[in-house]
Protein chains: 2
Amino acid sequence: MPTARPTHSFKTPCEHCPLRANRVFREFTADELDFVSKFKRGELAADAGATIIVEGAHSAHLFTVLSGWGFRYKTLEDGRRQILNYVMPGDLIGLQGTIMGEMQHSVEALSPVSLCVFERDKLMTLYNKHSSLAFDITWIAAQEERILDEHLLSIGRRTALERAAYLIAFLFERGRQLKLFNGHASIPITQQHVADTLGLSIVHTNKTLKKLANRNLIRWQERACEVLDGEGLKAAAGWEGLGERGRPFI
Amino acid sequence: MPTARPTHSFKTPCEHCPLRANRVFREFTADELDFVSKFKRGELAADAGATIIVEGAHSAHLFTVLSGWGFRYKTLEDGRRQILNYVMPGDLIGLQGTIMGEMQHSVEALSPVSLCVFERDKLMTLYNKHSSLAFDITWIAAQEERILDEHLLSIGRRTALERAAYLIAFLFERGRQLKLFNGHASIPITQQHVADTLGLSIVHTNKTLKKLANRNLIRWQERACEVLDGEGLKAAAGWEGLGERGRPFI
DNA sequence: CGGCTCATTGAGCTCTATCAAAATGAGTGG
DNA sequence: CCACTCATTTTGATAGAGCTCAATGAGCCG
């Protein structure tokens, strides 16, 4: 059973946060950086397949993903699972639990994930003393809302083929912006994940992905999806892309 | 063509805001109330069917719904429409446009709607000077995210009958919390709206709603859905309800 | 090797979409 | 009040998309 556990290397100092190197994220002022350093409590590492947060958890911490891939999901009582969105470096998780008392979804790691852990109780201080960071948190929440809107449009109104193309194009574009790929673009998901994201059965998902593979848009290899033609996927989905910059993180 | 237009009765003073009477909303301090009064620029009225915000709009205002029902939606290029969520009194709309520069969805009125209009430029002041209100905005955004998660679970994994029951139970519960019903609970939507929310065709939606009506859970009357048995709907959907209190508004 | 997960494929069936048409009701103008 | 129009709701027939069941192969690990 994979688990989440504290790392020995207690703390990467925020000044050397690997995320800061990427231009998709906005710059911090010295003052903000100083506060965030104190806000950070430590780090956590999760193996692939580990559950990072469970639905119903009460006093979950607040995390920022430093590296790795994961996903948020909900389940119905009989086990039907719906993947809501994917989490990647720079994403904030656990905000719901912090703000509203109880997590309404679970989070699981797709690959080894390392997380930055924040002091839940200091969130109010952040709002009181660092309004620019408070604004960033709202920005992040609004951005998540926007992505969920797009997913909803996709599941509700796109055909199976369009949906699959949209999902993979979406993950590809996010991964590319975050410079997660070296050479070939490989997304660490199984077809079961795709099925649970698109609201399709595993069998039909397989047949749909096969069609995309036959068009030379993707290739499926050892529990991962390799993207061969990102633009082709976007065209197949009729999707414009997300085109963002200056994304904040904490 | 229905339109949105400024009302003559320029301003209901925030001290007498009708929303404050409802216990689902949290109390304001005198200081907060004072700021919000100055933050408010005026009011807007929209007829049923009017478009309040269009996707792509650049400098949209920030609104709070004072009365009436509406919905947020997105469309694909060929016209397929997906309703993302419904807006009701106390809901904040236009945050995306304010925070990220451009609206990614449209908003339309289902019934006559009156809106409170806020000074977009003063939002930064709110974050700087009134962190409790800033926190409320984040709360509202996180709450919207939670609802979208539930909708996604519903569309992705519930059957047509469960989905329909969930949607109507959801709208009923929100309306009830907001005390929108007097006597009989009537939700001002057409079956086309239901179809576009559930990701189903209009014909199949009709047949599905008929099943709910045959079970005496709902009755369809003159462009509206009358709820006969809210608990029965929740049971049919396998849905727990939203159970919230102390909801903030601005 | 045996047991596991994941990907793949075929067959048959169910659910949902599409097409077509009629019934109902609200609103309009005469 | 009636004739007319338009949007909405309803129903039936048929096609197609997607589901379930079943079985197989490949790769991995103890």
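Every chain is numbered from 1, with letters handed out A, B, ... down the list of sequences.
For residues 191-217 of chain B, the salt bridge (Lys or Arg N to Asp or Glu O under 4.0 Å) pairs, not counting sequence neighbours, are A:R157-B:D196, B:R81-B:D196.
Here the P atom of nucleotide C:dC6 and the CH2 atom of A:W220 are 12 Å apart, to the nearest Å. A:E222 has its CD atom 10 Å from the P atom of D:dG27, to the nearest Å. Distance CZ (A:R223) to P (C:dC6): 6 Å, rounded to an integer number of Å. Atom-to-atom, CD of A:E162 to C1' of C:dA17 comes out at 15 Å; the value is rounded to the nearest Å.
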Could you encode protein contacts along nucleotides 11-18 of chain D as a string, one character per nucleotide from 5' to 3', using B for base contact, S for sugar-phosphate-only contact and - for no contact, with a heavy-atom cut-off of under 4.0 Å?
BBB----B
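The side chain to side chain contact (heavy atoms under 4.5 Å, CB included) test with A:L212 is passed by exactly one of A:N216, A:L209, A:N214: A:L209. Under the side-chain hydrogen bond (donor to acceptor under 3.5 Å, both in side chains) test applied with A:H105, the options A:K74, A:R72, A:E55 reduce to a single match, A:R72.
Not one side-chain nitrogen or oxygen of B:Q221 sits closer than 4.0 Å to the OP1 or OP2 atom of D:dT8. Contact annotation: B:Q192 does not reach the phosphate of D:dT9 (side-chain N/O to OP1 or OP2, under 4.0 Å).
Side chain of B:N85 to backbone of B:Y73: no donor-acceptor contact under 3.5 angstrom is found.
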Give the intermediate values and the outcome of salt bridge (Lys or Arg N to Asp or Glu O under 4.0 Å) for residues A:E102 and B:R146.
CA-CA 11 Å; A:E102 188 176 314; B:R146 188 195 136 185; over 6 Å; no
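Salt-bridge formation is detected for the pair B:D91/B:R174: a Lys NZ or Arg NE/NH1/NH2 atom is positioned less than 4.0 Å from an Asp or Glu carboxylate oxygen.
Where A:A224 and B:I202 meet DNA chain C, the nucleotide closest to each residue was compared, and A:A224 sits on the side nearer the 5' end.
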